[in-house]
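Here the structure is a predicted model, which means the values were calculated and not measured.
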Amino acid sequence: MAKSPEFFDGLVLGVETSCDETSAAVVRNGLDLLSVVVSSQIDEHARFGGVVPEIASRAHLENLQPVIRGALGQAGIEMRDVDAVAVTNGPGLAGALLVGIAGAKALALAIDVPMVAVNHLEGHLFASLLSGQEVELPAIALLVSGGHTMLVVIRDWGDYLVVGSTLDDAAGEAFDKVGRYLDLGFPGGPAMEKAACDGNPAAYDLPRAMLRDGYDFSFSGLKTAVVNAVEAQNSSGDALSVPDMAASFQEAVIEVLAVKAIKAAVDFGSTNVLVGGGVAANGRLRSRLTEAGEEAGVRILVSPRELCTDNAAMIASAGAFRLAKSGASPLSTGAAPSLRAPFVLAQESRAARGSRE
Ligand code: KG4
Ligand code: ZN
């Protein structure tokens, strides 16, 4: 059954500072995107090869005001026109989250409007709705970012059962680590995709861990396999082809993601798969999933590429949903670096059912 989420009517200003992007956006009635501004700190973290939490917090402090002003200006509105402020309160880096939360609270207090806290991953899920397509429930969501890799059954809007997650590295984290190992810089994901364009995905035979085994993922063995293949190549005296290795690695990750997402859709009787998170910006993942979906009769809904990586449009949209569903958050809301709710693990759901029986 096609079922759209219900949204708060009005202008929501979204604020996102959970990792290394400072972003603000304005969304009207949940899905009408008026503006989005993203200030990336990539250059500040690149020389350290990864995100440095202290640097991230300080950069958010400097960037937040101009980014919010930019988003209001682009939307052609003033601060007093905003009807609610939505902010990511987790999961993410504690110090980084606190900057956005403090800013959002101050604004909400100043103009006397509600403030609503949003789970960053629920934001990634709502990003795929910003393309305006209707979703049939139950749907499957594949959330693939730098910190998470999850397969989720959307039983209803706000009711999410996590049926699979990574046992070790997240998909984006694996891209970043292998990218760094191959000297492609930071972040590794986009650099690996670029390098892979000129490479042969069948050049190196890399493992597809747990391919036909449930919905969980494991990427750390793949990372080790890359290191072993590079060392074997070096000791054979032949030059390593970085594009071939990048393409072979990318293909191995993507095959596992695509096979499991489609399997989950078939097993849970769903004809819709939503894809979100930074790795969903990967062109090969998008085309591979679309092909696999066509074969299996499953529709793939993925956000525009620029809304896959961290941004506040998705937070404003998910915030408009949260306001309609659960109302405003208290101003005592703090940062929740390991926030899970509203996502529930399948084993927790079974345990809860068991204790009621
Ligand atoms: O969602 P996101 O912006 O931040 C987190 O919530 O983690 O995801 C960032 C992750 C990084 O690991 C980055 O390397 C990866 O997404 N990523 C990509 C691509 N663009 C970003 N991975 C593969 N291919 C891409 N084109
Ligand atoms: Zn993210």
Side-chain angles (χ1 to χ4, degrees), residues 15-23 38 40-42 44-46 48-57 59-60 87-101 117-128 141-152 160 162-180 186-193 215-220 222-223 253-254 256-257 260-261 274-282 285 303 307-312 314-315 318 335-345:
V15 172
E16 156 65 38
T17 64
S18 68
C19 191
D20 60 339
E21 260 95 29
T22 317
S23 180
V38 180
S40 171
Q41 308 167 7
I42 285 176
E44 285 163 81
H45 299 286
F48 300 101
V51 177
V52 182
E54 179 67 22
I55 294 178
S57 311
H60 286 311
V87 63
T88 308
N89 77 318
L93 301 169
L97 289 164
L98 279 172
V99 176
I101 295 170
V118 173
N119 179 311
H120 180 82
L121 293 166
E122 189 171 41
H124 276 305
L125 200 147
F126 272 75
S128 41
L142 171 67
L143 297 176
V144 271
S145 70
H148 294 83
T149 299
M150 299 194 323
L151 271 171
V152 177
Y160 313 124
V162 180
V163 293
S165 359
T166 180
L167 304 179
D168 37 62
D169 292 347
E173 185 182 1
F175 267 100
D176 292 338
K177 287 180 175 170
V178 172
R180 194 179 323 147
F186 167 84
M192 291 279 284
E193 179 178 9
Y215 311 111
D216 284 335
F217 302 88
S218 168
F219 295 112
S220 71
L222 175 58
K223 204 176 53 193
V253 174
I254 285 170
V256 178
L257 295 177
K260 292 197 184 233
L274 280 61
V275 192
V279 183
N282 184 288
L285 175 62
S303 12
L307 295 182
C308 289
T309 44
D310 289 349
N311 67 83
M314 65 188 203
I315 302 303
S338 314
L339 180 65
R340 190 100 64 64
F343 293 86
V344 177
L345 298 181

* **Donor-acceptor pair between S23 and N311 side chains, under 3.5 angstrom** => no
* Min side-chain heavy-atom separation L93-P337 under 4.5 Å -> no
* Asked: For the atom pair CG (L125) and CG (L274), what is the distance rounded to the nearest 0.5 Å?
  -> 5.5 Å
* Asked: Heavy atoms, side chains only, cut-off 4.5 Å: are V118 and N89 in contact?
  -> no
* **Backbone N/O of G100 and side chain of T17: donor-acceptor pair under 3.5 Å** => yes
* For residues L345 and R340, determine if any side-chain heavy atom of one lies less than 4.5 Å from a side-chain heavy atom of the other. => yes
* Structure fact -> Nearest heavy-atom contact between Q41 and I55 is OE1-O, 4.4 Å
* Is a side-chain N or O of H148 found less than 3.5 angstrom from the main chain of A171, in a donor-acceptor match? -> no
* Asked: Do the side-chain N and O atoms of H60 and D20 include a donor-acceptor pair separated by under 3.5 angstrom?
  -> no
* To do: Can you label the angle between the F219 ring and the F217 ring as parallel, tilted or perpendicular, going by 30° and 60°?
  => parallel
* Asked: Which value, rounded to the nearest 0.5 Å, describes the distance between K177 atom NZ and L222 atom CG?
  -> 12.0 Å
* Considering all heavy atoms of both residues, which atom of L97 and which atom of A335 are nearest to each other, and what is their separation? -> CB-CB, 3.8 Å
* **Validation row: V279, L285 side chains within 4.5 angstrom (heavy atoms)** => yes
* Return yes if some donor-acceptor pair links the side-chain N/O of K260 with the main-chain N/O of D216 below 3.5 Å, else return no. => yes
* Asked: Is a side-chain donor or acceptor of R180 paired with a backbone partner of G188 at a separation under 3.5 angstrom?
  -> no
* Asked: For the atom pair OG (S165) and CE (M150), what is the distance rounded to the nearest 0.5 Å?
  -> 7.0 Å
* **Heavy-atom pair with the smallest gap, counting every atom of A96 and C19** => CB-O, 4.1 Å
* E16 side chain vs S18 backbone, donor-acceptor pair below 3.5 Å -> yes
* Structure fact -> For I42 and F186 the tightest heavy-atom approach is CG2-O, 3.8 Å
* From CA spacing to verdict: side-chain hydrogen bond (donor to acceptor under 3.5 Å, both in side chains), H124, D310 -> CA-CA 8 Å; H124 276 305; D310 289 349; 3.1 Å; yes
* **Distance, nearest 0.5 Å, that separates CG of L339 from CG of N119** => 4.5 Å
* To do: May I ask you to decide if P53's main-chain N or O and S57's side chain share a donor-acceptor pair within less than 3.5 Å?
  => yes
* **Backbone of G90 reached by a side-chain donor or acceptor of T88 within 3.5 Å** => no
* Structure fact -> Between G123 and A318, the two heavy atoms sitting closest are CA-CB, 3.9 Å
* Taking side chain as C-beta onward, heavy atoms only, is F126 less than 4.5 Å from L307? -> no
* **Minimum side-chain heavy-atom gap Y160-V344 below 4.5 Å** => no
* **Side chain proximity check, P91 to L121, heavy atoms < 4.5 angstrom** => yes
* **Expected output: side-chain E173 to main-chain A170 donor-acceptor under 3.5 Å** => yes
* Asked: How long is the span from the OG atom in S220 to the CG atom in L167, to the nearest 0.5 Å?
  -> 9.0 Å
* What's the spacing between I254 CD1 and E193 CD if we round to 0.5 Å? -> 7.5 Å
* Asked: Within the side chain of H45, is there an N or O that forms a donor-acceptor pair under 3.5 Å with the backbone of V52?
  -> yes
* Any side-chain heavy-atom pair of V144 and L257 under 4.5 Å -> yes
